[in-house]
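Computation of the quantities below employed the complete heavy-atom set of this structure, encompassing side-chain atoms and omitting hydrogens, waters and symmetry-equivalent molecules.
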Amino acid sequence: MVKVEFVTSGGERVSANAEPGDNLLRVAQVAGLPLEGTCEGQMACSTCHVIVAEDWFDRLEEASEEEEDMLDLAAGVARTSRLSCQIDLTPELDGLEIRIPAESHDMRRF
């Protein structure tokens, strides 16, 4: 199992367990977090934007140029921003901490 610790914009901590190979966007959605993922992981939107904790950011594979381009369109971007659809979980990421930006909204819930 790979444990992921999400921190909402309100400071609430939400823990989720995932299998190695699971995608971070899907794990967040199953945990009930407001990440829409409009393009369903095709890197054509930025609705799954998250902020990775500083001490975890360099452990991730580097973002592609296409992902960087999509992040340019995201609201509330930080130096450690990533698209959650582009992060596949591995055992080395056990304990990963992710912050959900205040600008995140899941329109599928309305």
Side-chain angles (χ1 to χ4, degrees):
M1 277 292 163
V2 179
K3 181 179 178 183
V4 180
E5 189 79 16
F6 294 98
V7 181
T8 69
S9 60
E12 176 187 359
R13 291 189 166 272
V14 177
S15 295
N17 290 315
E19 294 290 332
D22 281 348
N23 179 273
L24 185 61
L25 171 60
R26 289 189 296 272
V27 171
Q29 289 174 332
V30 168
L33 295 163
L35 295 179
E36 189 170 337
T38 301
C39 72
E40 298 180 357
Q42 299 301 308
M43 252 192 315
C45 72
S46 59
T47 60
C48 68
H49 164 235
V50 295
I51 301 171
V52 179
E54 279 284 332
D55 55 335
W56 285 98
F57 185 72
D58 290 332
R59 300 182 202 186
L60 299 176
E61 290 187 27
E62 285 191 37
S64 67
E65 188 173 327
E66 293 85 2
E67 181 179 355
E68 293 287 348
D69 289 346
M70 282 295 106
L71 285 168
D72 287 342
L73 304 174
V77 174
R79 187 188 73 75
T80 61
S81 288
R82 292 293 304 268
L83 297 179
S84 61
C85 70
Q86 297 304 300
I87 299 174
D88 291 324
L89 299 170
T90 64
E92 294 77 27
L93 295 177
D94 186 42
L96 177 66
E97 185 174 316
I98 299 292
R99 185 166 55 87
I100 307 298
E103 296 83 3
S104 291
H105 300 285
D106 187 350
M107 299 306 286
R108 298 172 308 148
R109 294 183 180 194
F110 297 102

Joint hydrophobic cluster, Leu71 plus Ile100, side-chain heavy atoms closer than 4.5 Å: no
Side chain to side chain, Ile51 and Ser81, heavy atoms closer than 4.5 Å: yes
Straight-line distance of Cys85 SG to Gln29 CD, nearest 0.5 Å: 10.0 Å
Shortest non-hydrogen contact from Leu35 toward Ala28: CD1-CB, 3.6 Å
Between CD on residue Glu61 and CG on residue Leu93, distance to nearest 0.5 Å: 9.5 Å
Heavy-atom pair of closest approach, residues Leu60 and Ile87: CD1-CD1, 3.9 Å
Common cluster, Met70/Leu25, ILVMFWY with side-chain heavy-atom separation under 4.5 Å: no
side-chain hydrogen bond (donor to acceptor under 3.5 Å, both in side chains) contacts touching residues 66-75 (sequence neighbours left out): Ser64-Glu66, Glu67-Arg82
For Ala18 against Leu89, the heavy-atom pair lying closest together: CB-CD1, 3.7 Å
Side-chain donor/acceptor of Ser84 to backbone N/O of Leu24, under 3.5 Å: no
All side-chain contact (heavy atoms from CB on, under 4.5 Å) counterparts of Asp55, not counting sequence neighbours: Ala53
Residues clustered with Val30, ILVMFWY side-chain links under 4.5 angstrom: none
Salt bridge (charged side-chain N to carboxylate O under 4.0 Å, His left out) involving Glu54 - partner list, sequence neighbours excluded: Arg79
hydrophobic_cluster_shared for Val7 and Ile98, side chain cutoff 4.5 Å: no
Connected via hydrophobic side-chain network under 4.5 Å: Val4 and Val14: yes
Side-chain polar contacts of residues 37-46 - donor-acceptor pairs under 3.5 angstrom, sequence neighbours left out - could you list them?
unit_1: Thr38; atom_1: OG1; unit_2: Glu36; atom_2: OE2; d: 3.0
unit_1: Thr38; atom_1: OG1; unit_2: Thr47; atom_2: OG1; d: 3.3

Pairs flagged by side-chain hydrogen bond (donor to acceptor under 3.5 Å, both in side chains) wherever residues 10-22 is involved - sequence neighbours left out: Glu5-Ser15
Side chains of Val27 and Phe6 in contact at under 4.5 Å (non-hydrogen atoms): yes
All side-chain hydrogen bond (donor to acceptor under 3.5 Å, both in side chains) counterparts of Asn23, not counting sequence neighbours: Asp88
Qualifying residues under side-chain hydrogen bond (donor to acceptor under 3.5 Å, both in side chains), relative to Thr80, sequence neighbours excluded: none
Partner residues of Glu62 under the side-chain contact (heavy atoms from CB on, under 4.5 Å) criterion, sequence neighbours left out: none
Partners meeting side-chain hydrogen bond (donor to acceptor under 3.5 Å, both in side chains) with Glu97 (sequence neighbours left out): none
Spatial distance of atom CZ (Phe57) from atom CG (Leu96) [nearest 0.5 Å]: 11.5 Å
Contact summary for Ala102 and Ser9, nearest pair of heavy atoms: CA-CB, 3.4 Å
